Protein chains: 2
Amino acid sequence: MDKQTVTIYDVAREAKVSMATVSRVVNGNANVKAETKEKVNAVIAKLGYRPNAVARGLASRRTTTIGVVIPDVTNHYFAELARGIDDVAAMYHYQIILANSDESNTKEIQVMENLLGKQVDGIVFMGNILNDDIRDEFKKADVPVVLAGLLDEYEEQPSVNIEYRSAMSDATTRLLQAGHTKIAFVTGDLDHYMNKAHKLLGYQDALAAYDVAYDEKLVFQGTYDYQSGYQLAQEIKDSEATAAIVANDEMAAGVINGLTDAGVNVPDDFEIITGNDSKVAVITRPQLSSITQPIYDIGAVAMRMLTKLMNHEELAVNNIVLPHGYVDRGSTKHDNM
Amino acid sequence: MDKQTVTIYDVAREAKVSMATVSRVVNGNANVKAETKEKVNAVIAKLGYRPNAVARGLASRRTTTIGVVIPDVTNHYFAELARGIDDVAAMYHYQIILANSDESNTKEIQVMENLLGKQVDGIVFMGNILNDDIRDEFKKADVPVVLAGLLDEYEEQPSVNIEYRSAMSDATTRLLQAGHTKIAFVTGDLDHYMNKAHKLLGYQDALAAYDVAYDEKLVFQGTYDYQSGYQLAQEIKDSEATAAIVANDEMAAGVINGLTDAGVNVPDDFEIITGNDSKVAVITRPQLSSITQPIYDIGAVAMRMLTKLMNHEELAVNNIVLPHGYVDRGSTKHDNM
DNA sequence: GTGAAAGCGCTAACAC
DNA sequence: GTGTTAGCGCTTTCAC
């Protein structure tokens, strides 16, 4: 039960070479005669030697570990992002330390400190909002930090996103085209920069283009989860809206089920478009028409970006925007489109 | 952008004490005069010193990092397990390295090697099946490995689970009591020990108790995902079964939607009980009646178990069994129960 | 192509 | 209560 017994030194002795040579073989350094390389590899196999990444990390000051801060792995949107990150990380031989933050500022700072203490080579940060405390933390970090699915108001951090504003505007426009004038906008906390300064604006853009007055009473703030959507459904019904744009799939699932349970027929009496096109969008009945976005790719691209930053490569673009689209399903009337 | 500049030595010099003393205050060792402790803490704050966990890990041979191998974070059942693990890990000041294995044997071994190389203090392993290769890997590991939501046929590894056999038997019995005789059993690969030697047996136990002959044609093997359940739905319909037990929620969501889309009325013409009671179970319409199991707790308890093992404490029980239950929802007829 | 030796930043005896 | 001193297992100059 005791850790790591065979070291590079044992291999060196057994193979009758120096530790430096073993190190070279292990790290694939070209400057080793094929013959000695074979000999060393044989001993490595024989002894079952496995390099100690901790010692290596201390000596080289690179841990090949990156930190991933995620609000909650249990949320499908973020889990999908995380999967994209991990796959690309694995491809580049990085491991990821995953830390749930629950969007709590205290926890976010806490986990950032932990990550930095562990000497991660870089960090991918996910969340819904960036405040000054966490920005300070980014500055204190001596390693690159990339945002995935999160916009930095000041554009200081590299990031990967879709164009939330036009995505929302497009979706709203579809509903407007279908003749709706009272369209509910269901989103997260409007204090969150992305909601206030992007998604809401997209919604308003579309309204303005169709000369429909913006009505605050049609804006609903939830907490991104099913339960919150379900509860909002009653309020939405009472608001006399005839359609809704929901920023997040789990919340949208709550809205569609809440509405249905309240006797509202979707899509005949009420149309809904959701924002993520994650797995849950096809599980509900009717299925959710949705803005499509490459969630997995956002994570993957963010991680790829991080590898470049860790290699001190220049970034062509600091804030990458991936394309979004739209898919028509049962929660909107088919003859609209 | 270069890593960690202020070291324990800098703090020692500035505070006019030895590194040992700094180390003591950082680690909360009692043998330090309150006065010097304050002085050292002041310098730490002033210099912004953050202990280097890598150096610490090398010197102490403990990394306070544990490895978590997960088939796919994107699967809600495992994500929930992972969340339980992470929360308890954080409580005990451990960080987790998360690695997706895709249930591929090659990848599982690969990630185990990576984890071991990183000198994790322990591992929580999730998956659906254990084979000899991975068992060898567990043996090679010089650290404890705990299984979460996974049974070891040989009971060599500590584990946390529910009693799948009786859970399945209970659920099947409900359907039997409601008068069904042709009950489909939808599960994962029957080569998987848990499916073959526990879940299937539970199903058969119930059948036997009601003198209903076991019919292989009513057993359906899927791949634990929505798509697979959806595809199986047609076959299930053709099998003339009038009810189904589905081992996994995502698959059950596929089955219920597939059946509904094929014109079958659930629950009037067909009743379904699923196995996890994860979020998905309430998103479908009708909602899925389900075996309930404390998924989050399974992860949490597994991690707690690991902390004990890492402290070389004795385990009261090596294979923990958590209680399961049943919740009645819309996919079964209410008057049955 | 290979070796010697000096760290990397810390912990853990052990001494005082 | 505090300091000294070896390492922990590797990478990385710098020689040769």
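Not measured: the values here are computed from a predicted model. Chain letters run A, B, ... following the sequence lines, proteins first and then strands; every chain starts at 1.
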Nucleotide dC10(C), atom C1' - distance to CZ of Arg62(B) in whole Å: 14 Å
Atom-to-atom span, NZ of Lys118(A) to C1' of dG9(C) - whole angstrom: 15 Å
Residues that Asp297(A) engages under salt bridge (charged side-chain N to carboxylate O under 4.0 Å, His left out), provided they are two or more places apart: none
Summary of protein contacts for nucleotides 11-16 of chain D, nucleotide by nucleotide, where a base hit scores B, a sugar-phosphate-only hit scores S (4.0 Å, heavy atoms): BB----
Ring pair (Phe, Tyr, Trp, His ring centres under 6.0 Å) pairs, two or more places apart, involving residues 73-129 of chain B: Phe125(B)-Phe138(B)
Pairs where residues 71-88 of chain B contributes a residue and the test salt bridge (Lys or Arg N to Asp or Glu O under 4.0 Å) is met, not counting sequence neighbours: Asp72(A)-Arg83(B), Arg83(A)-Asp72(B), Asp102(A)-Arg83(B), Arg83(B)-Asp87(B)
Donor on one side chain, acceptor on other, Glu103(B) and Asn128(B), under 3.5 Å: yes
Contacts of type side-chain contact (heavy atoms from CB on, under 4.5 Å), residue Asp136(A), not counting sequence neighbours: none
OP1 or OP2 of dG3(C) under 4.0 Å from side-chain N/O of Thr21(A): yes
Integer-rounded Å distance: dT2(D) P and Lys37(B) NZ: 11 Å
Any donor-acceptor pair under 3.5 Å from Ser60(A) side chain to Arg56(A) backbone: yes
Whole-Å gap separating P (dT11(C)) and CG (Asn29(B)): 11 Å
Lys16(B) NZ to dG3(D) C1', straight-line distance once rounded to whole Å: 16 Å
side-chain N/O Thr7(A) vs dG9(D) OP1/OP2, d < 4.0 Å: no
For atom CZ of Arg13(A) and atom C1' of dG3(C), their distance in whole Å: 17 Å
Helix axis bend for the helix from dG1(C)-dC16(D) to dC16(C)-dG1(D) - C1'-based end axes, five pairs, 10° rounding: 30°
Pairs satisfying ring pair (Phe, Tyr, Trp, His ring centres under 6.0 Å), at least one member in residues 9-35 of chain B, at least two apart: none
d(CG, Asn31(B); C1', dG3(D)) in whole Å: 13 Å
5' priority, DNA chain D, between Leu58(B) and Thr36(B) [closest heavy atom]: Thr36(B)
Residue pairs, two or more places apart or on separate chains, that pass salt bridge (Lys or Arg N to Asp or Glu O under 4.0 Å) and touch residues 28-38 of chain A: none
Residues which pass side-chain contact (heavy atoms from CB on, under 4.5 Å) with Lys16(B), listed by chain and number, not counting sequence neighbours: none
Touch class at under 4.0 angstrom, heavy-atom based, for Val17(B) against every strand present: sugar-phosphate
Distance, rounded to the nearest Å, where Arg61(B) contributes CZ and dC10(D) contributes C1': 13 Å
